[in-house]
*Asks:* 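My questions all concern the structure below.
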Number of protein chains: 2
Amino acid sequence: MKKAEATRLNILQKAFELIYGSGYKTTSIDHIIATTQVTKGAFYYHFKTKDEMGLAIINEVLKPTLLNSLLEPLQKEQNPLEAIYNLIDNLLMKNKVLKVEYGCPVANFTQEMAPWNADFSEALDELTKQWKKIMTTTIEKGKEGGFVRKDVNAKQVTLFVISGYWGIRNLGKIENSKTIYLSYLKELKSYLNTLK
Amino acid sequence: MKKAEATRLNILQKAFELIYGSGYKTTSIDHIIATTQVTKGAFYYHFKTKDEMGLAIINEVLKPTLLNSLLEPLQKEQNPLEAIYNLIDNLLMKNKVLKVEYGCPVANFTQEMAPWNADFSEALDELTKQWKKIMTTTIEKGKEGGFVRKDVNAKQVTLFVISGYWGIRNLGKIENSKTIYLSYLKELKSYLNTLK
DNA sequence: ATAAAAACATACTAATTAGTATGTTTTTTA
DNA sequence: TAAAAAACATACTAATTAGTATGTTTTTAT
């Protein structure tokens with residue numbers, strides 16, 4: 001049971017790229033099997049339905065890869081404000097997988113699927129909850145370490161930061177240029193400085 | 001030429017509601033004509049293609065209604081920071097057209113269409129540009145009026161606020177509850193207070 | 001090596017999609 | 001009021017959709 005795992009992963013990764021670029025409903029299974037060079041029989045051997053594949057993408061592709069690049073940067077640095085800034089800066093300006101014109105894959109999935117598929121909502125909720133949780137505890141630690149004002153509400157700040165990130169990714173899609181990111185990052189820095 | 005205008009508007013408004021709820025690509029023309037009680041012949045008399053209708057929705061439904069509720073509140077109040085807070089508060093908590101579970105219609109359209117249809121991108125860009133412009137000038141006026149610190153970058157703040165709004169609307173879709181909006185609004189108020 | 005299960009391949013189906021062809025009815029204009 | 005144009009109605013089409021039925025090949029365990 002090794003090659004089968006490879007084809008499964010191949011489907012998930014290629015399908016993720018297609019969906020990230022064109023949206024879930026627009027990406028047809030025929031299109032997926034055409035680009036993966038996998039036959040329909042193989043596809044439906046691995047996934048009972050398209051939605052089962054969609055869920056697998058969230059759980060087996062998005063979660064591992066994103067949580068790695070979302071959580072780790074928050075955990076290794078001591079100063080949470082710098083950690084948050086660097087994290088967002090990395091996501092917007094340096095990350096090679098994420099593209100301006102396609103926005104944030106998690107936000108895309110949420111927008112397209114959240115109201116219509118409870119399983120998707122739940123999986124996406126788990127993902128964002130983890131991100132929120134680690135960011136909040138990072139800020140709380142920063143309060144104890146003297147990096148952040150004691151009266152700062154960590155949960156609120158977390159929500160504010162994540163909202164801004166999702167939003168600027170969406171705004172970036174319209175202009176299709178990273179220059180808008182720079183303005184956003186400047187203001188993010190100003191905002192974070194007020195929390196010191 | 002009066003009744004014809006009525007059917008056209010009827011199509012646009014009902015189609016907007018369907019698309020706002022289910023997304024552009026998922027909302028089929030058959031579904032639209034079923035709920036509008038308009039025949040296919042009538043539909044295609046008014047719109048050459050589905051995309052032409054989509055553009056008309058942005059220009060003839062979204063622009064007039066939204067710009068009215070987005071621009072006006074910013075113009076009548078003197079204190080720009082209060083104006084911005086009240087605007088966002090109204091959009092999130094009081095607006096009857098906008099629903100938590102469906103997010104922001106402009107953001108939805110952007111996310112689904114922006115990378116794939118240049119005409120859509122342009123129309124949406126115009127809409128957001130107008131919102132950005134009026135918010136920026138409001139803040140600039142507030143600087144002169146002594147409501148806002150002189151060193152505040154109005155464009156950056158505008159971008160930051162709009163991003164946050166789009167983002168929190170998207171986050172709201174996952175939880176499908178307005179309680180998350182309250183936390184966001186609290187932090188928005190804190191942030192705006194730092195600009196005094 | 002062989003039987004059994006896992007993995008994949010091919011050819012289909014029924015429903016849905018955007019859009020068209022060809023009408024009829026209603027308004028408008030002269 | 002009659003001709004012409006505008007507005008709408010009905011019945012289709014060709015392509016695409018997710019999913020299935022029925023195979024064959026490849027692995028794995030014995």
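Sequence lines set the chain letters: A, B, ... in the order given, protein chains first and strands last, and positions in each chain run from 1.
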*Asks:* Is there a side-chain contact between A/Glu187 and B/Val157 in this structure, where contact means two heavy atoms from C-beta onward sitting under 4.5 Å apart?
*Replies:* yes
*Asks:* Ignoring hydrogens, what is the shortest heavy-atom contact between B/Ala83 and B/Glu77? Give both atom names and the distance.
*Replies:* CA-OE1, 3.8 Å
*Asks:* Could you identify the nucleotide paired to C/dT28, looking across every strand shown and requiring Watson-Crick or G-U wobble geometry with both distances under 3.5 Å?
*Replies:* D/dA3
*Asks:* For B/Phe43, enumerate each residue passing the ring pair (Phe, Tyr, Trp, His ring centres under 6.0 Å) test, keeping only those at least two apart in sequence or located in another chain.
*Replies:* B/Phe47
*Asks:* Please check the phosphate of D/dC8 (OP1 and OP2 only) for any side-chain N or O of B/Thr7 closer than 4.0 Å.
*Replies:* yes
*Asks:* Using heavy atoms to find the nearest nucleotide of DNA chain C for B/Thr49 and A/Ala42 separately, return the residue whose nucleotide is more 5′.
*Replies:* A/Ala42
*Asks:* Enumerate the residues from residues 17-29 of chain B whose closest heavy atom to DNA chain C is under 4.0 Å, giving them by residue number; use none for an empty result.
*Replies:* B/Thr27, B/Ser28, B/Ile29
*Asks:* Side-chain N or O of A/Tyr44 less than 4.0 angstrom from OP1 or OP2 on D/dG19?
*Replies:* yes
*Asks:* So which nucleotide from C/dG19, C/dA9, D/dA18 ends up closest to the side chain of A/Thr39?
*Replies:* C/dA9
*Asks:* Searching all strands shown, indicate the nucleotide that pairs with D/dG19 (Watson-Crick or G-U wobble; both distances under 3.5 Å).
*Replies:* C/dC12
*Asks:* Using the closest heavy atom to pick a nucleotide of DNA chain D for each, name whichever of B/Gly41 or A/Asp51 lands nearer the 5' end.
*Replies:* B/Gly41
*Asks:* Using the test ring pair (Phe, Tyr, Trp, His ring centres under 6.0 Å), find all partners of A/Phe160 that sit at least two apart in sequence or belong to another chain.
*Replies:* A/Tyr191, B/Phe160, B/Tyr184, B/Tyr191
*Asks:* List the atom pairs, donor and acceptor, that lie under 3.5 Å between side-chain atoms in residues 101-110 of chain A and the rest of the protein, sequence neighbours left out.
*Replies:*
residue: A/Asn108; atom: OD1; partner: B/Gln111; partner atom: NE2; Å: 2.5
residue: A/Asn108; atom: ND2; partner: A/Tyr102; partner atom: O; Å: 2.7
residue: A/Thr110; atom: OG1; partner: A/Val106; partner atom: O; Å: 2.8

*Asks:* Side chains of residues 124-132 of chain A: which donor-acceptor partners sit under 3.5 Å, not counting sequence neighbours?
*Replies:*
residue: A/Asp125; atom: OD2; partner: A/Lys129; partner atom: NZ; Å: 3.3
residue: A/Glu126; atom: OE1; partner: A/Lys63; partner atom: NZ; Å: 2.9
residue: A/Thr128; atom: OG1; partner: A/Leu124; partner atom: O; Å: 3.1
residue: A/Thr128; atom: OG1; partner: A/Asp125; partner atom: O; Å: 3.0
residue: A/Lys132; atom: NZ; partner: B/Glu175; partner atom: OE2; Å: 3.0

*Asks:* The side chain of A/Asp30 lies closest to which of these nucleotides: C/dC8, D/dT17, C/dG19?
*Replies:* D/dT17
*Asks:* Round to the nearest Å and state the distance from B/Lys48 atom NZ to C/dA18 atom P.
*Replies:* 18 Å
*Asks:* Of the candidate nucleotides C/dT10, D/dC8, D/dT10, which contains the atom at the shortest distance from the side chain of B/Lys40?
*Replies:* D/dT10
*Asks:* Is the phosphate of D/dA6, meaning OP1 or OP2, less than 4.0 Å from a side-chain N or O of B/His46?
*Replies:* no
*Asks:* Restricting to side-chain contact (heavy atoms from CB on, under 4.5 Å), what partner residues turn up for B/Thr39, sequence neighbours left out?
*Replies:* B/Ala42
*Asks:* Rounded to the Å, how far apart are B/His31 NE2 and C/dA15 P?
*Replies:* 19 Å
